[in-house]
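First up is the structure itself, then whatever we jot down about it.
Scope of the values below: all heavy atoms of this structure, side chains included, with no hydrogens, waters or symmetry mates. Owing to the predicted nature of the structure, the values given are computational and were not obtained by experimental measurement.
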Amino acid sequence: MDDPAADVTGESELTAAEVMLRSLREYDVEYVFGNFGTDHPPLLEAAARIRETEPDAIPEFVLCPHESNALSAASGYAAVTGRPQAVFVHVDVGTQNLGAMVHNVHRGDVPVFIFAGLAPITHGDEPGARSSGIQYIQDVYDQDAILEQYCRWTGEYRPPADPDEFVARALTLASTPRQGPSYLTATREALETTVESTPGSRPITTAQPSSADERTVDRLASMVREADAPLVVTSKLGANGAEASVEKLVQFAEAAGAGVVEQRPTALNFPRTHDLHVGFAPREAMDAADLVVIADADVPWEPDTEPPLDSDVPVVHIDVDPEKRHYPLWDFQIDLPIRADPGATLAAVAERLEAVGGRDDASGAGGDSPSGSDDVDAHANTWRRQHEARLTDRDDSLDEQYDSGTLTPEVLTDAINETLDESTIVLNETTTNKRTVLEHLDLDRPGSYVSPYGSGLGWAPGAATGVKMAAPDHTVVALVGDGSYVFGNPTASAWMAAAHDAPSLTVVYNNSRWNAVRTSTLDQHPDGSAAAADVPESKFDPILDLSHAAHVVDAHTAVVDSVASLETELQNALDAVDSGTPAVLDVRVEQ
């Protein structure tokens with residue numbers, strides 16, 4: 001049978017589908033993480049035709065058995081590289097199947113290009129016309145509305161417009177701070193249409209934020225000099241230009257004698273063994289602070305009935321979007337909002353402090369110090385004491401747990417910590433054990449830690465594939481709760497890891513319950529009937545054997561239920577990953 005698209009296009013002409021694929025590659029998109037459907041034949045035919053003579057002219061297609069895994073993988077890739085990748089899904093239903101991962105990339109400021117087809121709108125011999133009754137069922141009034149409130153841009157491509165312009169616009173707005181997802185749609189007929197275009201002919205330019213102005217930097221430097229215990233609260237600073245961002249925060253902390261607390265971090269923002277790192281609980285650290293600087297943190301502390309600070313403690317907020325326009329309610333009290341790049345602004349303040357009597361090193365290292373270093377040391381000592389006290393408490397608690405022989409989340413994380421090296425990237429989606437993981441992993445290298453900022457569970461299994469594809473020479477270790485692992489479509493994620501040569505180690509913290517449901521219920525109704533019954537709706541009985549799902553491929557799996565076998569099983573799993581085999585450990589933790 002003749003191919004109607006071939007009759008229309010001719011060898012020297014481009015369909016809109018071909019322009020879209022070529023444009024994506026011209027704009028440095030390397031991969032299409034795809035869950036394909038009946039809306040994609042124009043794209044699949046265009047890709048096959050181009051590969052015959054120019055295989056490098058379009059992104060590589062990465063087949064994903066579930067849509068949410070596709071978006072998670074693109075998210076993981078962007079977390080390492082900073083570059084948006086493409087995700088292709090199927091009409092309205094595939095868009096809906098992206099699910100909570102859209103929430104995650106929205107709240108986490110992760111750039112991604114999402115494309116979904118629209119149901120065909122014509123009948124007959126028109127290329128791309130309806131060919132199945134299902135295409136009536138998939139035709140909805142406003143497909144964009146499914147994702148619109150989560151996206152930086154949405155649009156439908158309609159000929160005779162240039163598809164390159166739509167691709168460029170989508171990528172530009174996905175990459176502009178605040179970064180996030182863009183969503184493009186098109187019918188099959190539109191994709192089969194011949195157009196005049198030069199793919200990649202438009203510059204992708206984004207206005208990157210800069211440091212605050214000189215007057216604001218001087219004002220902030222004065223506030224820091226006057227403070228005895230300045231404190232920085234950050235969540236996302238290390239997610240953008242990891243090495244440079246972490247270096248700038250270290251420079252500021254050491255020049256100011258400031259403590260640093262990471263609140264719900266999406267990345268490593270500050271070396272966690274540094275003696276000015278004071279943990280992951282802002283309220284605890286704020287007891288000693290007389291100046292708080294929020295730097296790239298959407299929710300700087302957990303809300304409570306009482307403010308975490310006295311009213312005379314100034315709060316500075318440095319952010320590219322200090323009003324948090326994507327949040328319907330945001331009632332944190334700020335004394336000085338600064339619209340600027342947080343890392344660049346803190347580095348500029350550090351330079352002011354160093355120039356007028358601060359010092360280059362408040363970390364306790366030896367050597368001569370400029371005048372004023374005694375004051376900086378005094379400020380820093382407040383936080384050094386907190387840092388040391390936190391580590392002492394951690395070690396004492398661990399000793400007790402090891403002595404009891406109990407396989408707790410703390411013991412599990414400590415054992416994992418012993419296996420880490422400079423090549424390891426850790427993904428953390430352990431939900432109610434997230435802080436335990438943070439407290440017990442001694443990570444220092446920028447880029448060594450990735451976690452979602454949103455609350456959509458099921459991110460890590462797919463994200464691990466994207467991280468490994470972006471960093472093939474690194475060991476990827478995904479730490480997940482049992483609920484997160486199940487939500488992450490473990491059969492699909494195991495297949496992706498094996499099929500795309502992206503092995504990782506997944507460690508499941510299996511407490512056989514939704515612990516967040518249990519603790520939230522106990523918090524709201526501590527003396528209620530649900531508490532008396534130990535919240536039965538939060539428990540999985542019988543326990544799930546989470547080592548089985550990965551057997552859809554030849555993965556290494558094991559169930560670990562004792563401290564005695566933990567070290568050996570961890571090493572066996574890491575050896576398997578090192579040999580190219582995905583590994584899953586179902587660890588039965590007591591909690």
Side-chain angles (χ1 to χ4, degrees), residues 106-109 152 173 176-180 206-241 244-246 248-249 251-253 255-256 258-267 269-270 282-283 285-286 288-304 306-353 453-454:
H106 165 55
R107 288 297 184 213
D109 307 328
R152 305 303 182 258
L173 292 185
T176 300
R178 289 267 181 225
Q179 297 178 333
T206 58
Q208 296 300 317
S210 59
S211 172
D213 61 77
E214 296 288 320
R215 182 178 178 183
T216 301
V217 169
D218 287 338
R219 180 181 178 186
L220 183 52
S222 295
M223 295 174 72
V224 172
R225 287 190 206 100
E226 293 168 4
D228 291 325
L231 177 71
V232 177
V233 179
T234 185
S235 299
K236 304 177 183 178
L237 191 68
N240 297 304
S245 296
V246 173
K248 289 171 183 175
L249 183 51
Q251 180 189 8
F252 172 81
V260 176
V261 61
E262 294 185 276
Q263 159 71 341
R264 298 175 61 87
T266 64
N269 302 291
F270 193 76
R283 281 184 171 270
M286 285 177 181
D290 61 354
L291 170 66
V292 173
V293 179
I294 302 168
D296 213 346
D298 290 3
V299 183
W301 56 80
E302 303 298 334
D304 206 339
E306 297 292 332
L309 294 160
D310 293 336
S311 58
D312 60 346
V313 176
V315 178
V316 178
H317 185 200
I318 313 172
D319 201 288
V320 298
D321 176 29
E323 296 84 11
K324 298 300 170 189
R325 287 168 289 180
H326 290 302
Y327 287 83
L329 295 175
W330 200 86
D331 57 355
F332 297 92
Q333 297 301 307
I334 305 298
D335 298 294
L336 177 60
I338 300 173
R339 186 186 306 280
D341 178 81
T345 300
L346 291 177
V349 172
E351 291 171 2
R352 295 287 199 284
L353 298 175
Y453 199 70

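- Residues Y453 and D298 have side chains that never bring a donor and an acceptor to within less than 3.5 angstrom of each other.
- Electrostatic pairing of E351 and K248 does not count as a salt bridge here, judged by no charged N lying under 4.0 Å from a carboxylate O.
- Without hydrogens or angle criteria, R283 side chain to P303 main chain gives no donor-acceptor distance under 3.5 Å.
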Item to check | Check against side-chain contact (heavy atoms from CB on, under 4.5 Å), Q208 and D341 | outcome: CA-CA 8 Å; Q208 296 300 317; D341 178 81; over 6 Å; no

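- Of all heavy-atom pairs between S210 and A344, the closest is C-CB, 4.4 Å.
- Contact of the V233 side chain with the M286 side chain is registered, since non-hydrogen atoms from C-beta on lie closer than 4.5 Å.
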Checklist entry - Does the pair D296 and D319 meet the rule for a side-chain contact (heavy atoms from CB on, under 4.5 Å), with working shown? => result CA-CA 5 Å; D296 213 346; D319 201 288; 3.9 Å; yes

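- For the residue pair P209 and P177, the shortest heavy atom distance occurs at CD-CG, 3.7 Å.
- Using a 4.5 Å heavy-atom cutoff, the side chains of L346 and V293 are in contact.
- Under the 3.5 Å distance criterion, the side-chain polar atoms of D213 are matched with a main-chain donor or acceptor of T216.
- Pairing each heavy atom of L237 with each of G343, the nearest pair is CD1-N, 3.6 Å.
- In this structure, the side chains of E323 and H317 stay at 4.5 Å or more apart for every pair of heavy atoms.
- Judged by distance alone, the side chain of D335 and the main-chain N or O of Q333 form no donor-acceptor pair under 3.5 Å.
- Of all non-hydrogen atoms in N269 and S235, the two that sit nearest each other are ND2-O, 3.1 Å.
- Of the possible donor and acceptor atoms, one in the side chain of T234 sits under 3.5 Å from a partner among the backbone N and O of A295.
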Checklist entry - Please walk me through it: do T176 and R152 pass side-chain contact (heavy atoms from CB on, under 4.5 Å)? => result CA-CA 9 Å; T176 300; R152 305 303 182 258; over 6 Å; no

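- When all heavy atoms of S245 and G238 are compared, the closest pair comes out as CB-CA, 4.2 Å.
- No option in Q179, R178, H326 other than R178 meets the side chain to side chain donor-acceptor pair (under 3.5 Å) test with D109.
- Rounding to the nearest 0.5 Å gives a distance of 10.0 Å between CE of M223 and CG of D290.
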Checklist entry - Hey, mind stepping through V224 and F252 against side-chain contact (heavy atoms from CB on, under 4.5 Å) and telling me if it holds? => result CA-CA 10 Å; V224 172; F252 172 81; 4.0 Å; yes

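- Rounding to the nearest 0.5 angstrom, the gap separating the CZ atom in R225 from the CG atom in L291 is 12.5 Å.
- Shown here for T345 and A340, the closest heavy-atom pair between the two residues is OG1-CB, 3.5 Å.
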